[in-house]
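From a predicted model like this one, the values you see are computed outputs, not experimental measurements. What you see below is based on every heavy atom in this structure, not just the backbone, and it leaves out hydrogens, waters and symmetry mates.
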Amino acid sequence: MIISVASGKGGTGKTTVALAFALSIENSQIIDCDVEEPNIHLFLKPEIKKEIPVTAVIPEVQKEKCSFCGYCSQICAYNALSVIKIDNSGDVLLFPHLCHGCEGCIVLCPERAMTRGEREIGKVKIGYSDGFEFIEGRLNISEVLAPKVIEKAKSYVKPEKISIIDAPPGTSCPTVAAIRGSDFCVLVTEPTPFGLHDLELAYEVTKTLNVRAGVIINKSDEDSLIEAFCRERGIPILLKIPFSRKIAKAYSMGIPLVKEISEYKEDFRRILEKIK
Amino acid sequence: MKQILVISGKGGTGKTFFTGCLSVILKNKVIVDSDVDAANLHLLLHPEVKESHPFTGGKFAEIDITKCSHCNLCREICKFNAIDENFNIDRTSCEGCTICSYVCPQNAVILKERISGQYFISETKYGPLIHAKLGIAEENSGKLVTKLREIAKEVAKEKGLEHIIIDGPPGIGCPVMASMTAVDVIVAITEPTLSGVHDLSRVIDLAGYFQIPLKVVINKYDLNPEITLKIEKKLKELQIELIGKIPFSEDILSSVKKGIPFLEYSNSKELKEEIEKIADKILS
């Protein structure tokens with residue numbers, strides 16, 4: 001079973017909730033798919049056993065075969081290739097950060113002058129902490145293909161386990177890549193207009209992907225706006241976690257919620273049963 | 001013209017709150033919300049939309065099933081696994097590379113313009129706001145950010161405005177990079193948590209990659225004074241300027257809840273002065 005934890009707005013408590021699940025239930029693994037800013041490791045301090053590079057395909061030009069006809073540059077939808085022709089020679093310039101790795105240029109080059117090259121865009125780390133498995137995707141600085149790193153991290157999902165996915169904030173491609181294929185998505189929000197606005201967007205993402213969803217209200221206080229929204233859309237509210245300086249302080253030092261206040265474990269086990 | 005970008009790496013550290021403050025303090029500016037996935041600045045600045053435009057970012061493919069011979073070539077060639085066994089293309093997976101249209105022997109692929117969002121040119125009592133709404137589960141957030149920034153520049157030129165303030169997205173990925181290119185200064189808002197510090201360090205690396213000067217504000221600094229001290233030490237080592245510290249404040253939280261920029265909401269003279277000082281240091 002795969003449970004993803006998402007939010008739309010950043011800083012609402014995704015990581016807190018994902019960790020609380022993984023640490024409360026039996027037979028879990030946790031997958032940090034916030035590959036731009038992975039934070040789970042700060043709380044688990046796992047022992048890393050394996051590091052797998054994530055690569056993207058880029059074209060490599062064999063200049064001796066290339067006729068500098070410019071076709072690759074014409075068909076590239078991402079403007080990642082530029083061809084300069086000077087008399088019978090020339091050059092093919094690749095802008096690797098614009099390349100999506102569709103391999104169109106490799107397949108369609110009339111001279112078959114392009115081959116598959118690889119470029120590292122991130123890493124997946126696998127380790128253990130407290131006996132359960134930790135997996136992290138991490139995008140390299142200045143890279144953009146976050147979904148590729150997320151998919152690689154998710155390739156380590158073990159179907160016999162309960163996999164908890166910590167998704168990135170937002171509603172676009174990285175968030176979609178993280179939530180896609182989940183059995184359930186827990187949306188973490190906070191009772192502010194920002195929280196509500198972004199909860200609506202995140203809920204739309206789960207609907208687009210056909211993933212069931214429920215809400216956890218973090219920093220819970222005066223929640224009527226969020227409650228009204230959930231009632232109207234028929235989304236279950238799974239839990240409320242009030243704001244407290246104690247929780248904020250523990251979070252700041254990398255102490256998971258359920259280690260600071262172990263009573264919450266019961267809540268997360270109960271939510272899991274409900275989701276099942 | 002000076003472009004100021006507010007980012008944080010980690011979400012929820014106070015970017016939008018702080019941009020709201022800058023919107024009140026700085027005169028003669030255009031404001032941009034480049035967190036196009038989950039834009040929030042309009043909830044503080046209450047814009048009146050003057051112009052609304054569809055944003056077409058690239059293409060997406062559809063298959064005309066009446067022409068399709070089920071040869072499977074498109075499915076074999078698609079690197080994004082966007083085409084299912086019934087030759088339906090999943091719009092959220094298709095990245096618009098268009099290569100299927102070149103290999104299809106039946107010419108059954110139809111390429112459509114992808115309307116992936118909307119962007120708005122608005123007026124607020126603080127100045128023009130350029131903002132957008134990316135469609136749910138859409139691509140091309142980076143291109144949309146670039147578009148917003150182009151418009152902001154035009155508006156600034158046309159009206160003779162001196163500053164562009166950009167409220168950036170969380171993370172370090174494509175919309176962040178699109179927000180960052182060619183700005184004059186980056187203000188990174190962090191918080192004294194291990195996550196905040198970790199994410200700040202990735203933002204610092206990215207700013208270094210683009211060689212753009214970066215200044216730091218520590219928000220909610222009193223939630224963990226020890227970590228705040230560590231951040232201060234680290235910034236000194238890296239020769240990065242710390243331009244201010246803002247305490248955790250119920251007042252700030254209430255201003256956000258009420259949807260009013262903090263400087264117009266609060267009576268706390270001390271906090272307001274601190275924030276005004278920070279704004280001075282951004283420009284110096």
Check your understanding: Which answer fits B:V197, side chain, backbone, both or neither, if we ask what part of it has an atom under 4.5 Å from a heavy atom of chain A?
Key -> neither
**Study point:** chain A contact via B:I172 - which portion, at a heavy-atom distance below 4.5 Å
**Key:** both
When heavy-atom pairs shorter than 4.5 Å are enumerated against chain B, which of [options] gives the highest number?
{"options": "A:G195, A:C173, A:A177, A:G13", "result": "A:C173"}
{"options": "A:V176, A:L42, A:V107", "result": "A:L42"}
{"options": "A:P193, A:G104, A:A77, A:G254", "result": "A:P193"}

Review point. Are more than 12 heavy atoms from other residues, nucleotides or ligands located less than 6.0 Å from atom CD1 of B:I115?
Key: no
Against chain B, label [X] side chain, backbone, both or neither, depending on which of its atoms sit under 4.5 Å from a heavy atom there.
{"X": "A:L145", "result": "neither"}
{"X": "A:V57", "result": "neither"}
{"X": "A:I75", "result": "both"}
{"X": "A:P147", "result": "neither"}

Short donor-acceptor separations (under 3.5 Å), chain A to chain B:
residue	atom	partner	partner atom	Å
A:G10	O	B:G12	N	3.4
A:G11	N	B:G11	O	3.4
A:V35	O	B:R202	NH2	3.2
A:E36	O	B:R202	NE	3.0
A:E36	O	B:R202	NH2	2.9
A:E36	OE1	B:I172	N	2.7
A:E36	OE1	B:G173	N	2.7
A:P38	O	B:H198	ND1	3.4
A:N39	ND2	B:H198	ND1	3.2
A:N39	ND2	B:D199	OD1	2.9
A:H41	NE2	B:H198	NE2	3.4
A:Y78	OH	B:E95	O	2.8
A:Y78	OH	B:C97	N	3.2
A:H100	ND1	B:E95	OE1	2.7
A:R138	NH1	B:H198	NE2	3.4
A:R138	NH2	B:H198	NE2	3.1
A:L139	O	B:R202	NH1	3.3
A:L139	O	B:R202	NH2	2.8
A:T171	N	B:D37	OD2	2.8
A:T171	O	B:A137	N	3.1
A:T171	OG1	B:D37	O	3.2
A:S172	N	B:D37	OD2	3.0
A:S172	OG	B:D37	OD1	3.2
A:S172	OG	B:D37	OD2	2.9
A:R180	NH1	B:D90	OD2	3.1
A:R180	NH1	B:T92	OG1	3.1
A:R180	NH1	B:S93	OG	3.3
A:H197	ND1	B:A39	O	3.2
A:H197	ND1	B:N40	ND2	3.2
A:D198	OD1	B:N40	ND2	3.0
A:D221	OD2	B:K257	NZ	2.6
A:Y251	OH	B:K10	NZ	3.3
A:Y251	OH	B:S195	OG	3.1
A:S252	O	B:L194	N	2.9
A:S252	OG	B:N224	ND2	2.8

Could you pull out the closest heavy-atom pair between [X] and [Y], with the gap in Å?
{"X": "B:P170", "Y": "A:P169", "result": "CG-CG, 3.8 Å"}
{"X": "A:V205", "Y": "B:A137", "result": "CG2-N, 4.4 Å"}
{"X": "B:C174", "Y": "A:V144", "result": "CB-CG1, 3.4 Å"}

By side-chain contact (heavy atoms from CB on, under 4.5 Å), which residues pair with [X], not counting sequence neighbours?
{"X": "A:A248", "result": "A:F243, B:L223"}
{"X": "B:P105", "result": "B:C71, B:L73"}
{"X": "A:A178", "result": "A:C33, A:I150, A:I165, A:A167, A:P168"}

Point to revise | Point-to-point distance, once rounded to the nearest 0.5 Å, from SG of A:C102 to CD1 of B:I77 | key: 9.0 Å
